[in-house]
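One structure is given here, and the rest of the page talks about it.
Throughout, numbering of the chain's residues begins at 1 and tracks the sequence. Indexing begins at 1, ligand by ligand and atom by atom, following the structure's order. Only heavy atoms go into these numbers, but all of them, side chains included; no hydrogens, no water, no symmetry mates.
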Amino acid sequence: MIKIFSKIITLGLLSGLVQADENVFPALIPTEKPTDRPISRAVERLYEQWNPLEDRDNDLYSNFKYTRLKGLEISDNISRRDPTKIIKVDGVYHVWYTGRRSKEAPEGLKKATATKPGTDWDLADIWHATSKDGWTWEEDKIPAVKRPPKPEQGFRSICTPGILMWKGKYYLYFQAYSPMVGGQAYCPVRVAYADSPTGPWTHHPEPVILPGPKGSWNNIKINDPCPIVHNGKILVYYKGAPIERGDEYVLRVQGVSFADDPLGPFIPSPKNPVINSGHETCMFPFKDGVAALIALDGPEKNTIQFSKDGEDFEIKSLIQVPPVAPGPFCPGAFSDDKKNTGFTWGLCHINIDGGGAQKSSILARFDCDLSPDVDIPYFKHNNLRFNEETYFQKNIGLNPNMTKMMKRISKKEKDMN
Ligand code: AAL
């Protein structure tokens, strides 16, 4: 904010910017909230909630540009989704993700068998890929962490990992499903640890974050574990859900648990849930606090939020076409030094048919400016517009059944005159 305002002030001094008549709101944006004239609630919000220079001077606003990755081949029964944050160790970038290499394609929970996945993240393991430049990636030949043996929790599928670096060791947290994967299947979080990002990984014997008690907001699943380090503690954020379904039950909310040791115990925040929206989790250290990219679900979908303590979040920007399940490269994610916070790129996933649970997904790269250390006006633009194909594609075009229904409704509509 200060950067652009000082540019304006210097320009003003040099060129004598146009001054307005006192009775009208000026074209030259006042740096402080005007107190000597009536202002609307909207203008008040510009100063109180937003920023008089709008998104162009908001460190927590960005748009996102996408690029296909090089090096990770695609096929019908290979799926890659839900990447972790990216870490850089000895000049090499590392990422882990849900990898499915099933003999058959997923066709829903009812048709699932021992070899046929019910969903895109069923019968999955945690895979690992490396890159020297962040654009071309090379996948290991075998999974980094394999499903544990039966009857351990997770023998059916382990997926949706989050990485933590802590005191020279590496920890992968992930969803552990058995005997079935699915909307209402029990899902705690397990962890595996290693001395190096290339493994070998050892399963910690017990799940470390469990669903909450009967009747609680997260009584059946803990999804999308997302660790960061803040104020000396390990914070693991997650999406939680109850087994109960229906309009009267919570659907997509997120909580946080704190620990001093990566293997627990994890103590849930008494304020949970701390985020009221969003699908996948994406929390990252930002300046002296924690920021969260919230996408897809809930009243605060497609926002970026900030909290000093990691528990009380406020909306800082509204975003368009955010990455799904983002795994950013956050140099400061685990250093807790309040330097190099935020990020400018990462990986996300795209479900190839635009759905959620079936078909395969691919990993893609996104670039943005959510770092206080850089200033890239290209990413601060508003007014993203889309072409014809975008509006008429599946999930955005009106589908045939709804077209029939809308025609029936229009017939019943009365003439207005
Ligand atoms: C993801 C995540 C969780 C869900 C499913 C697999 O994108 O939100 O991991 O369970 O979809």
Side-chain angles (χ1 to χ4, degrees), residues 78-85 95-100 102 106 108-109 112 117-127 145 147 153-154 156-163 172-191 207 209-211 217-227 236-243 245 250-256 273 275-283 292-298 301-302 322-328 346-364 366 395:
I78 296 186
S79 186
R80 301 182 185 91
R81 55 182 291 144
D82 290 302
T84 61
K85 284 194 176 67
V95 70
W96 293 262
Y97 45 88
T98 304
R100 178 173 56 76
S102 49
L109 298 175
T119 63
D120 189 19
W121 56 95
D122 191 5
L123 297 176
D125 301 285
I126 311 298
W127 286 71
V145 188
R147 277 163 264 175
Q153 184 67 33
R156 172 79 193 187
S157 191
I158 56 172
C159 57
T160 321
I163 183 77
L172 278 169
Y173 297 83
F174 44 83
Q175 302 176 179
Y177 287 103
S178 47
M180 283 303 281
V181 170
Q184 279 144 301
Y186 177 73
C187 180
V189 165
R190 287 194 65 154
V191 60
I209 306 181
L210 300 175
W217 66 282
N218 60 349
N219 67 52
I220 197 69
K221 47 183 181 176
I222 303 289
N223 286 167
D224 303 81
C226 175
V236 176
Y237 288 87
Y238 42 84
K239 173 175 75 190
I243 191 165
R245 289 285 171 93
V250 293
L251 183 60
R252 302 266 186 260
V253 291
Q254 305 182 359
V256 62
I275 297 275
N276 63 25
S277 297
H279 199 100
E280 293 86 4
T281 51
C282 177
M283 281 71 184
L293 191 161
I294 306 296
L296 293 174
D297 284 285
K301 69 192 138 321
N302 305 348
V324 172
L347 300 184
C348 60
H349 76 226
I350 299 173
N351 192 259
I352 54 172
D353 77 341
Q358 308 302 319
K359 299 278 182 189
S360 297
S361 302
I362 58 166
L363 298 183
F366 63 86
N395 296 345

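Looking at residues two or more places apart in sequence or on another chain, you find no salt bridge (Lys or Arg N to Asp or Glu O under 4.0 Å) involving Lys85. Residues satisfying the side-chain contact (heavy atoms from CB on, under 4.5 Å) test with Leu123, not counting sequence neighbours, are Pro117, Arg147, Arg156. Checked against side-chain hydrogen bond (donor to acceptor under 3.5 Å, both in side chains), Tyr237 has no partners two or more places apart in sequence or in another chain.
With salt bridges taken as basic N to acidic carboxylate O contacts below 4.0 Å, one links Asp120 and Arg81.
Judged by distance alone, the side chains of Ser361 and Asn351 do bring a donor and an acceptor atom under 3.5 Å apart. No hydrogens or angles considered: nothing links the side chains of Arg80 and His349 as a donor-acceptor pair under 3.5 Å.
Using a heavy-atom distance under 4.0 Å as the criterion, the protein contacts of ligand 1 are Arg81, Asp82, Trp121, Thr160, Gln175, Tyr177, Asn223, Asp224, Lys239, His279, Glu280, His349.
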